[in-house]
Amino acid sequence: MVIYDSVAKEKRRFVPQHGNDVTLYVCGPTVYDDAHLGHAKSALVFDLLSRVLRANGYHVTYARNITDIDDKIIHKAKERHVSIGEITTTYIEAYHHDMAALGIARPNLEPRATESIEAMIIMIEQLLANNHAYAIENGDIYFDTSSDHRYLTLSGQLQDADARRQRVESSHLKRHQSDFALWKAVHDESIAFEAPFGRGRPGWHLECSAMIEKHLARDGAYAIDIHGGGADLLFPHHENEAAQTRCATNHELAAYWMHNGFVTIEGEKMSKSLGNSFFIKDALKVYQGEVLRFYLLSTHYRANFNFNETDLLASKKRLDKLYRLKKRLFGLKAIAMVTPFQTQLLDALNDDLNVSKALALIDEMIVLSNEKLDINAKDKVAKKEALANIETIATLLGFGTNNPFNYFQHGIDTATRQTVEALIAQRNDAKRAKDFATSDALRDTILALGISLMDTPEGTFWERND
RNA sequence: GGCGCCAUCGCCAAGUGGUAAGGCCGGAGCCUGCAAAGCUUCUAUCCCCAGUUCAAAUCUGGGUGGCGCCUCCA
């Protein structure tokens with residue numbers, strides 16, 4: 001397997017530190033609002049990565065954190081006059097629901113910040129003991145970036161202090177502009193945690209380093225094999241995580257760093273300030289989760305992704321073809337077998353998750369299978385192979401996992417369904433009577449309901465139009 | 001201002017030194033009572049300029065144009 005390491009800025013052959021075991025940590029969401037398409041992209045990319053790693057025979061421990069204590073959460077709880085727990089429970093459930101709809105498997109571990117306070121306290125104490133952190137008058141504890149000789153080598157920022165001063169809000173109490181809070185002292189009645197160095201709340205960057213130490217880290221040069229997240233996290237979040245870990249422990253944080261590109265809408269990054277966030281739950285009202293999965297995964301993970309409906313529908317048509325083939329194979333049991341296609345598919349994905357190449361292989365496989373079945377509809381070998389190939393696609397990429405008939409009739413309500421089926425029965429009567437004028441008129445009626453008909457030797461099937 | 005990414009057919013998108021994958025859309029055909037689906041077939045020399053090389057979309061330099069990070073952020 002080859003992975004693009006966004007710190008080395010080149011593709012590197014992937015070699016785990018500990019034999020067959022792979023540790024993967026990905027920065028998850030802060031649960032103060034619904035998940036948007038950007039969250040989906042990140043979760044999808046690393047879901048795919050974990051699938052591909054496993055397909056290569058690795059034993060993967062995949063952790064994705066949940067930040068459930070944060071100023072934005074507290075703010076929202078106050079705004080709604082509810083507890084923080086109610087906010088986080090609501091959005092954690094929503095997150096899980098949305099991710100499941102996209103066919104994203106749950107990571108092995110989903111550590112929460114509030115359950116990792118002890119680990120964070122331990123790390124702060126290590127940093128204080130090593131003189132990598134200091135407390136200021138009000139009780140806040142900062143990481144001393146000047147004490148880390150490798151600071152900024154991860155992101156390659158290396159900017160001078162004057163440049164940063166322009167942008168960063170100055171805190172006269174910090175020793176250096178780039179120093180960041182490990183612990184924010186709390187003196188009032190608002191939510192806080194007890195710590196030897198005073199009541200307070202953890203800084204954001206700390207939790208990932210602490211959780212990694214607590215749940216994944218093993219002896220060696222690096223705490224874990226792969227650390228992932230959105231491209232916006234490289235600096236300062238991952239830079240700071242890396243600094244904390246190397247200064248508190250005797251190892252670097254991750255052997256490989258992977259960052260996924262952004263989902264943009266109309267060419268602009270989604271953000272609160274622009275008001276252009278596109279929530280997964282809203283997209284799911286219109287499109288099937290699997291179509292969204294296919295679309296969001298169809299562009300290489302490192303490239304920026306400009307979401308638009310035209311491209312989404314083009315992706316849907318591409319996925320449709322996989323399901324049309326599955327429809328032709330309906331009722332047959334898949335038999336485990338090895339085909340050249342499967343090897344090629346894994347090879348493509350092993351090249352830094354080259355999904356475009358994988359999709360091209362899938363298209364070619366579909367055409368070839370259809371061709372064989374057009375020549376001989378009872379070609380058993382072709383059917384067996386095609387089924388096995390579809391199984392592999394489902395396992396590796398999560399595409400084609402549904403019942404093909406349900407897929408094409410997605411979102412049709414019972415009333416419409418009954419109407420359509422009654423009209424089809426009428427039309428079949430007309431067809432039997434060779435009354436093609438009536439039968440064509442009925443098809444137009446059905447078409448007006450958004451339904452396409454397909455006459456086949458096995459009967460008339462219907463599909464929803466998009 | 002600093003750091004970084006990107007620019008391939010109408011649209012989406014691989015390929016990163018050896019002579020342009022795939023999909024969508026569109027044209028033609030086969031099949032079909034007519035359709036749909038499926039199949040066959042047709043459509044690019046890679047933003048511009050200069051350089052390196054036997055050979056460049058692919059490397060180097062310079063332009064132009066997008067985008068991201070530097071502040072919470074997937």
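Each chain gets a letter, A, B and so on, in the order the sequences are listed, and its residues count up from 1. FYI, side chains are in, hydrogens and waters are out, and symmetry mates aren't considered; it's all heavy atoms of this structure.
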Check your understanding: Starting at the 5' end of RNA chain B and moving along, which residue's nearest nucleotide shows up first, A:A314 or A:L234?
Key -> A:A314
Exercise for review: In whole angstrom, give the distance that lies between atom CD of A:E239 and atom P of B:U71.
Suggested key: 13 Å
Exercise for review: Could you tell me which residues satisfy side-chain hydrogen bond (donor to acceptor under 3.5 Å, both in side chains) with A:T401, sequence neighbours excluded, listed by chain and number?
Suggested key: none
Exercise for review: With side chain to side chain contact (heavy atoms under 4.5 Å, CB included) as the test, would you mind laying out the steps for A:L109 and A:Y25 before giving the verdict?
Suggested key: CA-CA 9 Å; A:L109 299 165; A:Y25 180 93; over 6 Å; no
Review point. Residues two or more places apart in sequence or in another chain: which of them pass side-chain hydrogen bond (donor to acceptor under 3.5 Å, both in side chains) with A:K383?
Key: none
Exercise for review: Establish, from distance only, whether the side-chain atoms of A:N304 and A:T264 form a donor-acceptor pair under 3.5 Å.
Suggested key: no
Point to revise | Counterpart base for B:A21, defined by Watson-Crick or G-U wobble contacts under 3.5 Å | key: none
Review point. Between the side chains of A:T438 and A:D435, does any donor sit under 3.5 Å from an acceptor?
Key: yes
Check your understanding: Given that both distances must come in under 3.5 Å, which nucleotide forms a Watson-Crick or G-U wobble pair with B:C39?
Key -> B:G29
Check your understanding: Using purine N1 to pyrimidine N3 plus N6-O4 or O6-N4 for Watson-Crick, or N1-O2 and O6-N3 for G-U wobble, both under 3.5 Å, which nucleotide pairs with B:C46?
Key -> none
Exercise for review: Please collect all side chain to side chain donor-acceptor pair (under 3.5 Å) contacts where either partner lies in residues 286-295 of chain A, sequence neighbours excluded, each pair once.
Suggested key: A:D47-A:R293, A:Y287-A:E309, A:E290-A:Y323, A:E290-A:N402
**Study point:** Protein-nucleotide distance (A:W462, atom CH2; B:A36, atom C1'), rounded to Å
**Key:** 15 Å
Practice item. Starting from the C-alpha separation in whole Å, work towards a yes-or-no answer on side chain to side chain contact (heavy atoms under 4.5 Å, CB included) for A:D70 and A:V31. Key: CA-CA 9 Å; A:D70 158 280; A:V31 284; over 6 Å; no
Exercise for review: Any chance you could lay out the salt bridge (Lys or Arg N to Asp or Glu O under 4.0 Å) test for A:D351 and A:K11, step after step, and finish with the verdict?
Suggested key: CA-CA 9 Å; A:D351 181 11; A:K11 283 187 188 178; 2.9 Å; yes
Review point. When all nucleic acid strands are considered with a 4.0 Å heavy-atom cut-off, which category describes A:D363: base, sugar-phosphate, or nothing?
Key: sugar-phosphate
Review point. When all nucleic acid strands are considered with a 4.0 Å heavy-atom cut-off, which category describes A:L233: base, sugar-phosphate, or nothing?
Key: sugar-phosphate
Study note, to complete from the structure: Closest to the side chain of A:D440, out of B:G33, B:A36, B:A74, is B:G33
Check your understanding: Which one is paired to B:U71, where only Watson-Crick or G-U wobble pairs with both distances under 3.5 angstrom count?
Key -> none
Check your understanding: With both distances under 3.5 angstrom, what nucleotide forms a Watson-Crick or G-U wobble pair with B:U52?
Key -> none
Review point. At under 4.0 Å between heavy atoms, what does A:S439 touch on the DNA or RNA strands: base, sugar-phosphate, or nothing?
Key: base
Study note, to complete from the structure: The residue, A:K72 or A:A360, whose nearest nucleotide of RNA chain B is more 5′ is A:A360
Practice item. State the pairing partner of B:C34; accept Watson-Crick or G-U wobble contacts with both distances under 3.5 Å, and report none otherwise. Key: none
Revision key, fill the gap. Which of B:G33, B:A74, B:C39 is nearest the side chain of A:V367? It is B:C39
Check your understanding: Tell me, for nucleotides 5-18 of chain B in 5' to 3' order, what letter each nucleotide earns: B for a base near a protein heavy atom under 4.0 Å, S for only sugar-phosphate near one, - for neither?
Key -> ------SSSSS---
**Study point:** Counterpart base for B:U58, defined by Watson-Crick or G-U wobble contacts under 3.5 Å
**Key:** none
Nucleotide N/O to protein N/O under 3.5 Å, stretch nucleotides 25-28 of chain B:
unit_1: B:C25; atom_1: OP1; unit_2: A:K317; atom_2: NZ; d: 2.6

Revision key, fill the gap. A:P236 has its side chain closest, among B:C70, B:A35, B:A74, to B:C70
Check your understanding: From A:I362 CD1 over to A:L325 CG, what is the distance, rounded to the nearest 0.5 angstrom?
Key -> 11.5 Å
Check your understanding: Any donor-acceptor pair under 3.5 Å between the side chain of A:R324 and the base of B:A37?
Key -> no
Point to revise | Non-neighbouring partners of A:D440 that pass side-chain hydrogen bond (donor to acceptor under 3.5 Å, both in side chains), sequence neighbours left out | key: none
